[in-house]
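Atoms considered below: every heavy atom in the structure, side chains included; atoms not considered: hydrogens, waters and symmetry mates. First the proteins, then the strands, lettered A, B, ... as listed; each starts at 1. What you see is a predicted model, and the numbers here were worked out from it, not measured in a lab.
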Amino acid sequence: MRTSQLLIPTLRQTPGEADVVSHRLMLRAGMIRKTAAGIYTYLPLGLRVLKKIEGIVRREMERAGAQELLMPILAPAQLWRETGRWDFYGKELLRCRDRHDREFCFGPTHEEVITDLFRREVRSYRQLPLNCYQIQTKFRDEIRPRFGLMRGREFLMKDAYSFDADEAGARVSYQKMYTAYERIFTRCGLAFRAVEAHTGLIGGSLSHEFMVLSDTGEETIVYDEHTDYAANIEQAETTPPADTDDAAPLPLEPVRTPGAHTVRDVCALLNTTPDRLVKTLLYQTPARDVVAVLIRGDHDANTIKLARCLGVADVTLAGADAVLKATSAPVGFAGPVGLAGIRLVADHAVKAMRNFIVGGNEQDLHLRHANHGRDFSVEAFADLRQARAGDPSPASGSRLREAKGIEVGHVFLLGTKYSEAMRATFLDANGQERAAVMGCYGIGVSRTAAAAIEQHHDDRGIVWPVPIAPFHAHLLPVTASEQTLHTAGMMYEALTEAGVEVLWDDRDERAGVKLNDADLIGAPLQILVGDKGLARGVVEVKRRDTGAITELPPNEILPHLRNLLATHDLP
RNA sequence: CGGGGCGUGGCGCAGCCCGGUAGCGCGCCUGCUUUGGGAGCAGGAUGUCGGAGGUUCAAAUCCUCUCGCCCCGACCA
């Protein structure tokens with residue numbers, strides 16, 4: 001296509017709203033423009049990239065046996081009430097009413113709608129397994145949209161839903177999607193890692209996230225260098241210390257700790273280290289009950305694990321007044337000894353400790369040489385802390401490492417959560433009615449575009465991987481002579497005819513402007529046509545990634561381009 | 001929702017503290033010269049200073065309210 005006929009409003013300066021690389025470059029390259037907070041218009045260049053990613057996703061979905069359909073963007077409240085998510089999903093679910101005052105929501109995900117379709121249309125096990133997907137705009141009313149397309153409110157997503165007759169079949173479907181995702185992100189040219197994940201608002205029993213590795217990622221993952229083990233840090237299991245401290249119990253001893261309400265303060269005052277302390281954290285459940293959890297001083301609590309252990313939907317850190325009420329002390333002095341009337345659980349690292357320091361449930365008081373079993377008892381020891389780099393890997397025991405990632409895909413084995421709630425059943429071979437076993441599988445298409453830029457850029461602009469580049473080649477006449485323009489025109493026709501996606505910069509601009517825009521836009525190859533080269537009968541093919549230039553006669557360029565575009569050493 | 005910050009021409013910003021009727025760079029338009037990494041000269045256009053109210057002889061500037069946006073946090077897939 002010709003630049004003069006496309007809306008590609010490149011910017012020299014970065015608009016003030018953009019902070020992260022992908023956001024900045026997408027604005028500057030004229031790919032997107034903001035319409036409202038977290039809501040963007042895709043300009044021609046941006047849309048071409050989305051279409052490229054969609055194409056890869058479609059091919060791999062079809063290969064894995066999924067079929068495409070398209071569900072509505074609005075869903076009736078009634079369906080969401082059936083699964084309880086109308087209330088449970090919270091403010092992220094954008095709701096509206098029609099002229100008859102009927103309630104609807106903008107679909108943030110489509111389990112309800114697809115399950116409704118399934119229960120209406122599928123009767124027999126003979127129709128299973130079934131896997132349907134769509135590529136559609138989703139809306140989630142995020143608390144804080146940010147980073148451009150990385151966390152928008154409106155975004156493009158591929159979501160797939162599988163229905164199987166039994167758990168074993170569902171696991172096969174899950175594995176097929178997992179494999180398809182690996183192929184998709186590999187084909188997009190991304191360095192990624194599949195990690196064990198928690199299931200959040202979607203629910204289910206087994207889940208993996210596909211993380212594009214990038215320092216700007218919002219997620220932290222831990223991984224084992226020596227095995228396949230990798231997990232979202234929120235999900236990663238921790239193992240209890242191998243050795244139990246076998247010191248003889250010493251008598252419990254109160255110690256004054258004026259003003260020391262943090263682990264650090266107490267350690268400084270008592271000349272010890274955080275791993276000799278046990279902090280008592282108070283949380284509130286949705287039912288407003290206060291619960292206490294014991295965590296070693298150098299560890300952090302994991303609220304997802306805690307909520308799971310307590311059997312509640314979620315927990316939030318208790319406020320100062322709730323702490324005062326439960327412990328009769330200000331924040332910073334809570335302890336398990338003599339703490340009555342509330343549930344008390346402990347991280348399994350605490351089980352191995354002896355003679356540790358705890359809060360005294362009184363202002364400016366701590367207790368030394370506390371021991372569980374003797375001075376207090378807990379309801380349960382469990383994995384309740386956040387994993388961190390250096391922890392032993394659950395797979396090999398070697399030390400876990402940490403990395404940042406951008407979640408671009410997420411697969412869930414749902415089980416029968418939705419099919420039971422919505423009575424999505426079928427008759428099995430014995431004529432028995434059974435609930436379908438489901439899985440669901442999402443890919444953030446627009447987020448993938450942003451993640452690709454985070455991973456593939458330099459200080460001049462975007463460096464697109466070939467499969468998702470908006471154009472393969474950028475044709476740049478760098479002089480204004482008749483000869484140059486004529487040659488460029490001929491090459492444009494010939495290359496386009498041959499199926500190469502060429503963006504022809506036919507603007508009346510200086511070479512510098514064109515070259516800078518080309519670097520910004522980031523097509524993998526640039527074709528420079530100018531008087532200098534033509535005097536020797538050649539044009540130049542320049543790789544965007546390495547800057548390497550090859551000189552060739554115009555009529556020999558096609559095979560060279562094809563070769564470059566096909567090789568994997570391009571980004 | 002808590003904390004911080006910002007709304008001044010298409011973009012980036014100054015001016016605000018200390019009120020006197022708006023300026024710079026880039027871009028845009030015209031002409032001439034230039035033309036292989038964001039040209040030079042000359043001329044020109046573009047601003048309800050986010051909105052409403054108030055104080056004042058006078059408000060971009062001070063006060064109140066309001067809308068929008070960005071960053072950090074809480075939150076989330």
Side-chain angles (χ1 to χ4, degrees), chain A residues 9-20 23-24 27-28 30 33-39 88-93 107-111 138-148 150-153 155 157-159 195 197-204 207-211 217-219 232 234-235 303-304 314-317 319 405-412 440-444 446-447 460-461 476-481 484-485 488 505 507-520 526-536 538-540 542 547 549 551:
Chain A
T10 55
L11 301 172
R12 290 192 183 189
Q13 284 159 315
T14 302
E17 70 195 57
D19 210 36
V20 299
H23 190 196
R24 231 167 34 218
L27 285 170
R28 286 195 54 212
R33 284 294 183 265
K34 187 175 64 184
T35 301
I39 299 176
F88 195 63
Y89 214 91
K91 287 192 181 170
E92 218 172 288
L93 188 64
T109 175
H110 280 69
E111 285 79 11
K138 292 279 189 284
F139 197 96
R140 295 181 187 174
D141 203 356
E142 293 281 347
I143 293 173
R144 183 151 90 85
R146 57 188 133 175
F147 306 148
M150 289 241 276
R151 181 168 294 270
R153 293 192 291 170
F155 57 98
M157 181 171 170
K158 185 285 302 177
D159 45 325
V195 307
H198 70 98
T199 55
L201 285 176
I202 304 288
S207 173
H208 287 87
E209 289 167 326
F210 287 77
M211 297 284 195
E218 293 186 81
E219 303 290 336
N232 190 308
E234 297 173 326
Q235 170 74 14
T303 54
I304 294 162
D314 71 316
V315 293
T316 50
L317 210 51
I406 301 164
E407 180 197 351
V408 289
H410 202 157
V411 295
F412 298 83
C440 73
Y441 318 93
I443 288 180
S446 41
R447 185 184 278 182
R460 305 194 57 79
L476 304 162
V478 291
T479 52
S481 68
T484 295
L485 297 179
D505 195 340
R507 295 175 301 172
D508 181 20
E509 288 285 358
R510 337 192 96 231
V513 172
K514 294 183 184 180
L515 291 164
N516 277 297
D517 273 355
D519 287 346
L520 181 59
Q526 296 173 1
I527 304 167
L528 279 61
V529 186
D531 291 343
K532 272 192 222 162
L534 291 180
R536 290 182 291 119
V538 299
V539 297
E540 294 152 48
K542 180 175 176 183
I549 292 174
E551 295 191 336

Strand partner of B/G23, provided both Watson-Crick or wobble distances fall under 3.5 Å: B/C13
Pairwise C1' distance, B/G53 and B/G12 [rounded to whole Å]: 32 Å
Residue whose closest nucleotide on RNA chain B lies nearer the 5' end, A/K532 versus A/V20: A/K532
B/S/- contact track for nucleotides 23-35 of chain B, protein heavy atom under 4.0 Å: --BSS------BS
Minimal non-hydrogen separation, A/L520 against A/R28, with atom names: CD2-O, 3.3 Å
Inter-nucleotide C1' distance (B/C69, B/C29), Å rounded: 31 Å
Length of the CG-C1' vector between A/L317 and B/G2, whole Å: 15 Å
Of A/N516 and A/E234, the one whose closest RNA chain B nucleotide lies more 5': A/N516
Watson-Crick or G-U wobble mate for B/G53, both contacts under 3.5 Å: B/C63
Between B/G73 and B/C17 - P atom distance, rounded Å: 34 Å
Flag for A/R460-A/N516: side-chain donor and acceptor within less than 3.5 Å: yes
Side-chain donor or acceptor of A/K158 paired with backbone N/O of A/G409 under 3.5 Å: no
Atom P, compared across B/C76 and B/C6: separation rounded to whole Å: 31 Å
Gap in Å between the two C1' atoms, one belonging to B/G44 and one to B/G37, rounded: 29 Å
Non-neighbouring partners of A/T303 that pass side-chain contact (heavy atoms from CB on, under 4.5 Å), sequence neighbours left out: A/Y283, A/V315
Whole-Å distance separating the NZ atom of A/K34 from the C1' atom of B/C11: 14 Å
Backbone of A/I527 reached by a side-chain donor or acceptor of A/K542 within 3.5 Å: no
Heavy-atom donor-acceptor pair, A/R140 side-chain to B/A77 base, under 3.5 Å: no
Separation of B/G12 C1' from A/R24 CZ (nearest whole Å): 14 Å
Pairwise P distance, B/G9 and B/C67 [rounded to whole Å]: 22 Å
Length of the line joining A/L485:CG and B/G36:P, which is rounded to integer Å: 14 Å
Which residues share a salt bridge (Lys or Arg N to Asp or Glu O under 4.0 Å) with A/R151, sequence neighbours left out: A/E142, A/E218
Atom-pair distance (CZ on A/R153; P on B/C76), nearest Å: 18 Å
Distance between P atoms of B/C49 and B/U21 (Å, rounded): 15 Å
Value in whole Å for how far the C1' atom of B/G38 lies from CG of A/L515: 10 Å
Spacing of A/F412 atom CZ relative to B/C76 atom C1', expressed in whole Å: 11 Å
Sugar-phosphate only, base, or nothing, as touched by A/G90 at under 4.0 Å among non-hydrogen atoms: nothing
Any donor-acceptor N/O pair under 3.5 Å between B/C76 base and A/R151 side chain: yes
Separation of atom CZ in A/R144 from atom C1' in B/C76, rounded to whole Å: 13 Å
Distance-only donor-acceptor test (3.5 Å): side chain A/D519, base B/G37: yes
Sugar-phosphate, base or nothing in reach of A/I143, heavy atoms under 4.0 Å: base
Heavy-atom pair of closest approach, residues A/M157 and A/G442: CE-CA, 3.7 Å
B/U30 pairs with, by Watson-Crick or G-U criteria that keep both distances under 3.5 Å: B/A42
Nucleotide paired to B/C6 in any strand shown, Watson-Crick or G-U, under 3.5 Å: B/G68
Nucleotide forming a Watson-Crick or wobble pair with B/C1, both distances under 3.5 Å: B/G73
Quiz item: A/K542 side-chain donor-acceptor pair to B/G36 base, under 3.5 Å: no
Heavy-atom closest contact (A/H410 atom, A/S207 atom, distance): NE2-OG, 2.6 Å
Closest to the A/E142 side chain, choosing from B/A77, B/C70, B/C76: B/C76
Sugar-phosphate only, base, or nothing, as touched by A/T109 at under 4.0 Å among non-hydrogen atoms: nothing
Heavy-atom pair with the smallest gap, counting every atom of A/V539 and A/L534: CG1-CD2, 4.0 Å
Any donor-acceptor N/O pair, A/T479 side chain to A/D531 backbone, under 3.5 Å: yes
Sugar-phosphate only, base, or nothing, as touched by A/E17 at under 4.0 Å among non-hydrogen atoms: sugar-phosphate
Pairwise P distance, B/A45 and B/G54 [rounded to whole Å]: 35 Å
Sugar-phosphate only, base, or nothing, as touched by A/R33 at under 4.0 Å among non-hydrogen atoms: nothing
Watson-Crick or G-U counterpart of B/A58, or none if no pair lies under 3.5 Å: none
